[in-house]
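Convention: sequence-line order gives letters A, B, ...; per-chain numbering from 1.
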There are 2 protein chains.
Amino acid sequence: MVTFGTDDLFTAIRSVPDFPKKGIVFRDITTLLKDAVAFRRVVDILYEKYEKVPIDKIVSVESRGFIFAGPLAYKMNIGFVPIRKPNKLPAETARKEYALEYGTDAIEIHKDAIRAGDRVLLHDDLLATGGTIAAAADLVESLGGVVVGMSFLIELFFLGGRKRLSSYDVFSILKYETE
Amino acid sequence: MVTFGTDDLFTAIRSVPDFPKKGIVFRDITTLLKDAVAFRRVVDILYEKYEKVPIDKIVSVESRGFIFAGPLAYKMNIGFVPIRKPNKLPAETARKEYALEYGTDAIEIHKDAIRAGDRVLLHDDLLATGGTIAAAADLVESLGGVVVGMSFLIELFFLGGRKRLSSYDVFSILKYETE
């Protein structure tokens, strides 16, 4: 048996300076993803966190969020709901705009993807300022869903997302305290 | 035990006329994804197809491809490699342009994602004309990888993608013979 701790997961992340722009250190998960042991470990940690929580659906934000949300849905034996950028989903959608550093962005969910009372786990790969996941939670709640947790592989703690999401149960595997 | 055959999977797909434009029937997989039994069945069918094939990595194209490639990587205990639209991957990439109906598009892969001799399974949700997956195969092969299979949830058979990909082992779960 291979033991693979959080330190090994940190090591598996590649830090790329000045991407996507000068002064930003990009935490690149692709070096973790291609490592079968690290990939498996992330799914197992997420599963262990939620296996005793009653959850009906996992809702995830494109596109990196899908990578771990899929295996988690499979392992938890629940359905998967994608939240996507505008005009990608073909049926009737709910849309939520949210602020970016400059300007706004928007995400959409199919209106029939969530039933009133559905217990939902939200997942994305990265928690930064929390704008996207807060918008995702608003969408789920607007359809009558209950957000029972928010899960991330990486949390950029210094950006304050957790504070903004204080009304939710927020879980992250790898916390970066400083940039 | 729930038995869930291919007919049930067809039924779980929603057909949306005139999306993304007039005259196109869009095969919407979100209605399948949110159904826990259908979701699991798709992963299990893909796994059964490849479980005895030596495969080192699954390579998938954003973003819908990621949804089933993730669980398959987990279940097969192999690494996952994303192919993405330009300027999303932060480290050194190989890029491939390919023709669309009007104009061109491009996809990228990290150069260090594939090692020479890696046996690769390509996965996407949909096989249409095959342009994207052919470009993905070119990228993998340019890095020394060997494409041992191409897998899809849906194949739009009437668009001829399979013929174009005749040098590869192409597998799809749901074939639409006509539009």
Heavy-atom cut-off 4.5 Å, strictly under: side chain, backbone, both or neither for [X] against chain B?
X       : answer
A/Phe19 : side chain
A/Tyr74 : both
A/Pro90 : both

- Contacts of residues 111-136 of chain B with chain A (heavy atom under 4.5 Å): B/Asp112, B/Ala113
- Task: Flag the one option from A/Leu89, A/Asn77, A/Asp35 with the top tally of heavy-atom pairs under 4.5 Å to chain B.
- Result: A/Asn77
- Item | Option in A/Asp56, A/Ile58, A/Asp44 with maximal non-hydrogen atom pairs under 4.5 Å from chain B | A/Asp44
Is the closest side-chain heavy-atom distance between [X] and [Y] below 4.5 Å?
X       : Y       : value
A/Val81 : B/Leu33 : no
B/Lys85 : A/Ser63 : no
A/Leu32 : B/Phe80 : no

- Over 12 foreign heavy atoms within 6.0 Å of CD, A/Glu51: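 Correct, the count exceeds 12.
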- Hey, is CD on A/Glu92 packed in by over 12 heavy atoms from elsewhere, all under 6.0 Å?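 No - once you tally the heavy atoms of other residues, nucleotides and ligands closer than 6.0 Å, there are 12 at most.
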Using the rule that Ile, Leu, Val, Met, Phe, Trp and Tyr join whenever any side-chain heavy atoms are under 4.5 Å apart, tell me whether [X] and [Y] fall into a single cluster.
X        : Y        : answer
A/Phe68  : A/Phe10  : yes
B/Val148 : B/Val140 : no
A/Phe26  : A/Ile173 : no
A/Val59  : A/Tyr47  : no
A/Phe66  : A/Ile154 : yes

- Query: Is it the backbone or the side chain of B/Lys75 that comes under 4.5 Å from a heavy atom of chain A, or both, or neither?
  - Reply: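 B/Lys75 touches chain A through backbone and side-chain heavy atoms alike.
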Looking at [options], which makes the most heavy-atom pairs under 4.5 Å with chain A?
options                            : result
B/Thr31, B/Ile78, B/Val16, B/Ile67 : B/Ile67
B/Gly70, B/Pro71, B/Ala36          : B/Pro71
B/Lys57, B/Met76, B/Arg64          : B/Arg64

- Starting at NZ of A/Lys88, measure out to OG1 of B/Thr30 and round the result to the nearest 0.5 Å. 14.5 Å
